[in-house]
Amino acid sequence: MKSNYTIICLLILLSFSSCKKFLEPDPRDMLSPVNYYDTEQQMNNAIAGVYDILGRGQLYAYSLQTRLATEADEGFYASTSRTNGPQFYDLSSGDSEVLDFWTALYSGISRANAVLENINKPDMDETKRNAIHGEALFLRAYYHFLLVTNWGDVPLILSTAKSVEGNSVARTPAAQVYEQITKDMINAEALVPSITEVKIGGRVNKSAIRGILSRVYLYWAGYPLRNTAKYEDARNWAKKVMDDTEAAHDLNPSYSQVFINYAADKYDIKESIFEVEFATTGIYEHGQVGSWIGIRSSNADIGTAYGFIGASKKLYQLYKAGDLRRDRAVAPFYYNADGTKVYWTGTTFYGRSVGKWRREEETARPKLSQNTPINFALLRYSDVLLMFAEAESELNNGPTQACIDAVNKIRRRAWASGINTITITNQGAGYTSAPTVTISGGSGSGAVATAIITTGKVTGINLSPDPLTGVKLGSNYTSPPTISITGGGGTGATAVATIHQVSDADVLMMDKEDFLDLIKEERSRELCFEAMRKYDLIRWNILGITLNQMSNDIKSNAPDTYKYAGLSSSNFQPKNLVLPIPISEIALNKALVQTTGW
């Protein structure tokens, strides 16, 4: 611990780049707290340094996407070159990535504390001072939140060290840490501007704080603390976001467009309430969103990408017919070296990449090798709706109509009124080449299909994927369209279509247990790979059970070349519910005690 925060007594190392778009300065000086924080500009520089931690590799540039938060049931580390580390639940207290994560969080807390202790020093506009004050409070709380969810009891640091001596700090009970987190966030909510005033999702705003407060209370209510009284707070803070008539938060009509916007550097503050900023300039401005987690590519025009995370069979099969999120979240294709797309067959469950963030959709040029400007969401409105629904159901011993409405709003956005199946009713005869399949009527459009022939007969009809989304369904069909099969030298083949409509997405009233099961699935369908699944499974106290089921399925059903996908699930032990305290920190801070089992 001493290495992270006692340095403040000598210097504040503000070797960070500016957060893009809302702060221009790029300070890289060694700054003394004695003669710094004297001007509004210096205070702007300082708060930029607190934000800077969010975009570091140890947090959301890559670690929390690929090595520290994805080791659950949505995906797996798709590389055989490495078989140990946090992503495999095979690590020790000396693991360097765990140390880097811990160090970055306490660095952010130290920077926030320095801002808070000097907030009244400069002569500046009071509204701007209040905003920076609130941002620093929130970010300090958010970094503590990441600490308590990953380590449990952790040192609670609320001031900069005044001396290099006597700075051993014991672990603070998790409940006390949550008390301080929520206190800081509530105080911050009164100080920061609304999201409509901020106009971007990359800076702390009232909606962001309210939504994250709902998440904090939801975690506090769950395992291991089980303070179920906090469900009411979780519900109430989510409701504040939903009821804000000024912000008027809503879902983007297109699920795919949400992620296209991140790649194109466009803000949509109705849906994307808080996000981590990345750019193509500045030593610490790059991210690996769409690269380390994304569709593997060796093509420079598309954008080179490692694609370290593979999507799981369980996630792919969690989506039902008509749910357009599947072919966005789980890439329906891979890239050849020349950049052309090759679409997977419907029965291929392993080898698929994460498809939410796609380098081909980046608009910034030039495209850098492996580094991307794609922003990463920390809070979307759909998450707020799901948190509200879960907390409301817990409070009422089952879902209310408001719970059902919140979930159906998300599901309806995801659903297409498109073709479900095309079934051959007569294979015909005499076909020497694939006949033309024409889809007409039904009031819809966009569905394209091709015929497959075998020994002169039409033996299959495939719906052709859209080149951008991979969706094969068409849209706006209100009745089954007519399928016509012509040409190809043969005759007699016929087929019929079935459709699904947006209303098919709706769920009906159910009991509490069934509704929680629905929430567990819906959070995965909607929020997969957004660095929350592992923590959701922990607070529901089902991480171990879920991973065991994954391990058994992979051992029994995965192709031999993908058996390694079960490493993390088979390695899991109860001690892995938290990370070990870095051994080097225990050596520095004699008051720290290692977690049981580590």
Side-chain angles (χ1 to χ4, degrees), residues 3-5 13-20 47-72 77 85-87 91 95-113 135-136 138-151 154 157 181 201-204 208 212 215-216 219 262 272-279 282-294 306 308-309 354 357 370-380 383 527 529-535 578-579 582 585:
S3 63
N4 294 334
Y5 64 85
L13 178 60
L14 293 179
S15 58
F16 44 78
S17 63
S18 63
C19 295
K20 71 168 182 177
I47 195 63
V50 187
Y51 277 97
D52 171 69
I53 299 299
L54 291 172
R56 288 299 180 93
Q58 299 92 332
L59 269 73
Y60 293 107
Y62 57 81
S63 280
L64 281 173
Q65 306 161 44
T66 60
R67 291 174 176 169
L68 290 167
T70 56
E71 58 279 22
Y77 198 73
Q87 66 271 45
L91 70 157
D95 187 90
S96 61
E97 288 177 287
V98 172
L99 173 62
D100 290 346
F101 186 29
W102 170 281
T103 302
L105 291 173
Y106 277 110
S107 177
I109 289 167
S110 293
R111 293 179 180 189
N113 282 334
E135 289 169 299
F138 172 79
L139 290 169
R140 180 177 74 176
Y142 188 74
Y143 296 141
H144 275 112
F145 177 56
L146 292 180
L147 283 161
V148 77
T149 52
N150 281 280
W151 279 275
V154 291
I157 306 299
I181 289 168
R203 192 155 193 171
V204 176
I212 297 296
R215 183 182 299 166
V216 170
Y219 281 36
Y262 293 132
S272 186
I273 299 172
F274 191 37
E275 57 195 69
V276 183
E277 303 268 19
F278 294 106
I283 187 171
Y284 293 122
E285 292 286 321
H286 307 152
Q288 277 75 41
V289 183
S291 172
W292 284 33
I293 186 166
Y306 286 123
F308 281 135
I309 303 300
V354 178
W357 307 276
Q370 306 300 337
N371 295 312
T372 82
I374 301 176
N375 289 357
F376 188 78
L378 297 185
L379 179 69
R380 293 195 289 114
D383 188 12
L527 303 169
F529 306 113
E530 295 182 39
M532 284 183 282
R533 184 61 172 176
K534 171 185 169 184
Y535 306 108
V578 292
L579 295 171
E585 293 298 302

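Because the structure is predicted, anything quoted here is derived from the model rather than measured.
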Q: Assess whether ring-ring contact (aromatic ring centres under 6.0 Å, His included) is satisfied between Phe145 and Tyr535, documenting all intermediate values.
A: CA-CA 12 Å; Phe145 177 56; Tyr535 306 108; 8.4 Å; no
Q: Is there a donor in the side chain of Thr66 and an acceptor in the side chain of Tyr306, or the other way round, less than 3.5 Å apart?
A: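 The criterion, which ignores hydrogens and geometry beyond distance, is not satisfied for Tyr306 and Thr66.
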Q: Of all the heavy-atom pairs spanning His286 and Ala61, show the shortest one and how long it is.
A: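 Scanning both residues completely, I find the closest heavy atoms to be O-CB, 4.1 Å.
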Q: Stepwise, does the side chain to side chain contact (heavy atoms under 4.5 Å, CB included) test hold for Tyr51 with Val204?
A: CA-CA 9 Å; Tyr51 277 97; Val204 176; 3.4 Å; yes
Q: Hey, does Leu139 have a side-chain heavy atom less than 4.5 Å from the side chain of Leu54?
A: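 Contact flag for Leu54/Leu139 side chains = yes.
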Q: Roughly how far apart are Arg67 CZ and Ile309 CD1, rounded to 0.5 Å?
A: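 Spacing of CZ (Arg67) from CD1 (Ile309) equals 9.0 Å.
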Q: Using the side chain to side chain contact (heavy atoms under 4.5 Å, CB included) rule, take Leu91 and Glu97 through it: C-alpha gap first, then chi angles, then the decisive distance, then the call.
A: CA-CA 10 Å; Leu91 70 157; Glu97 288 177 287; over 6 Å; no
Q: Of all heavy-atom pairs between Gly85 and Asp95, which one has the smallest distance, and what is that distance?
A: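 Smallest interatomic distance, heavy atoms only, reads CA-OD1, 4.2 Å.
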Q: Please enumerate all residues that pass salt bridge (Lys or Arg N to Asp or Glu O under 4.0 Å) together with Arg380, with sequence neighbours excluded.
A: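 Salt bridge (Lys or Arg N to Asp or Glu O under 4.0 Å) list for Arg380, sorted by chain: Glu271, Glu526, Glu530.
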Q: Which heavy-atom pair separates Ala208 from Leu379 by the least distance, and what is that distance?
A: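 Minimum heavy-atom separation between Ala208 and Leu379: O-CD2, 3.8 Å.
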Q: Mind checking whether Asn150 and Trp102 have side chains closer than 4.5 Å, heavy atoms only?
A: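 No, side chains not in contact.
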Q: Going from CG on Leu105 to CG on Leu146, what distance comes out if it is rounded to the nearest 0.5 angstrom?
A: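 Here the rounded value is 5.5 Å.
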Q: Using side-chain heavy atoms (C-beta onward) and a distance below 4.5 Å, is His144 in contact with Val216?
A: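 The answer is no, as the side chains (C-beta and beyond) never meet within the 4.5 Å cut-off.
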Q: Would you indicate whether the side-chain heavy atoms of Ile181 and Tyr219 approach each other to under 4.5 Å?
A: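 Not touching, per the 4.5 Å side-chain cut-off.
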Q: Test Tyr142 against Leu378 for side chain to side chain contact (heavy atoms under 4.5 Å, CB included), laying out the working first.
A: CA-CA 11 Å; Tyr142 188 74; Leu378 297 185; 4.0 Å; yes
Q: Can you name the nearest heavy-atom pair linking Ala112 to Ala136, along with the distance?
A: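 Shortest heavy-atom contact: CB-O, 3.7 Å.
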Q: Could you grab the distance from atom CG of Asp100 to atom CG of Leu68, nearest 0.5 Å is fine?
A: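 Result: 9.5 Å between the selected atoms.
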Q: Any side-chain heavy-atom pair from Leu59 and Phe376 closer than 4.5 angstrom?
A: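 Of all side-chain heavy-atom pairs linking Phe376 with Leu59, none is under 4.5 Å.
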Q: Can you name the residues that form a ring pair (Phe, Tyr, Trp, His ring centres under 6.0 Å) with Tyr77, not counting sequence neighbours?
A: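 Testing Tyr77 for ring pair (Phe, Tyr, Trp, His ring centres under 6.0 Å), a comparison that skips the adjacent residues, returns Phe88, Phe308.
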Q: Taking all atoms of both residues into account, what is the closest heavy-atom pair of Asn375 and Glu275, and its distance?
A: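 Heavy atoms of Asn375 and Glu275 come nearest at ND2-OE2, 2.9 Å.
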Q: On a heavy-atom basis, which atom in Thr372 and which in Ser291 lie closest, and how many Å separate them?
A: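 That closest heavy-atom pairing would be CG2-CB, 3.8 Å.
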Q: We want to know whether Ser63 and Gln58 form a side-chain donor-acceptor pair, criterion being a heavy-atom distance below 3.5 angstrom.
A: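 Note: Ser63 and Gln58 side chains miss the donor-acceptor criterion.
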Q: Pair Leu527, Arg533 - check side chain to side chain contact (heavy atoms under 4.5 Å, CB included), show working.
A: CA-CA 8 Å; Leu527 303 169; Arg533 184 61 172 176; over 6 Å; no
Q: For Tyr62, which of Phe101, Trp292, Phe278, Trp357 qualifies under ring pair (Phe, Tyr, Trp, His ring centres under 6.0 Å)?
A: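 With Tyr62 as partner, ring pair (Phe, Tyr, Trp, His ring centres under 6.0 Å) holds for just one option, Trp292.
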Q: Indicate yes or no for a side-chain donor-acceptor contact from Ser107 to the backbone of Thr103 under 3.5 Å, with no hydrogens or angles considered.
A: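 Here the side-chain-to-backbone pair does not exist.
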Q: If you round to the nearest 0.5 Å, how far is CG of Leu579 from CH2 of Trp151?
A: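 Reported to 0.5 Å precision, the distance equals 5.0 Å.
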Q: Are any non-hydrogen side-chain atoms of Gln288 and Asn371 less than 4.5 angstrom apart?
A: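 A side-chain contact exists here, since the closest heavy-atom pair is under 4.5 Å.
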Q: Does some side-chain heavy atom of Ile53 sit less than 4.5 Å from a side-chain heavy atom of Arg111?
A: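 When only atoms from C-beta onward are counted, Ile53 and Arg111 do touch, with a gap below 4.5 Å.
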Q: Side-chain contact test, heavy atoms from C-beta onward, threshold under 4.5 Å: evaluate it for Gln65 versus Val289 and give yes or no.
A: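 The answer is yes; the side chains approach within 4.5 Å.
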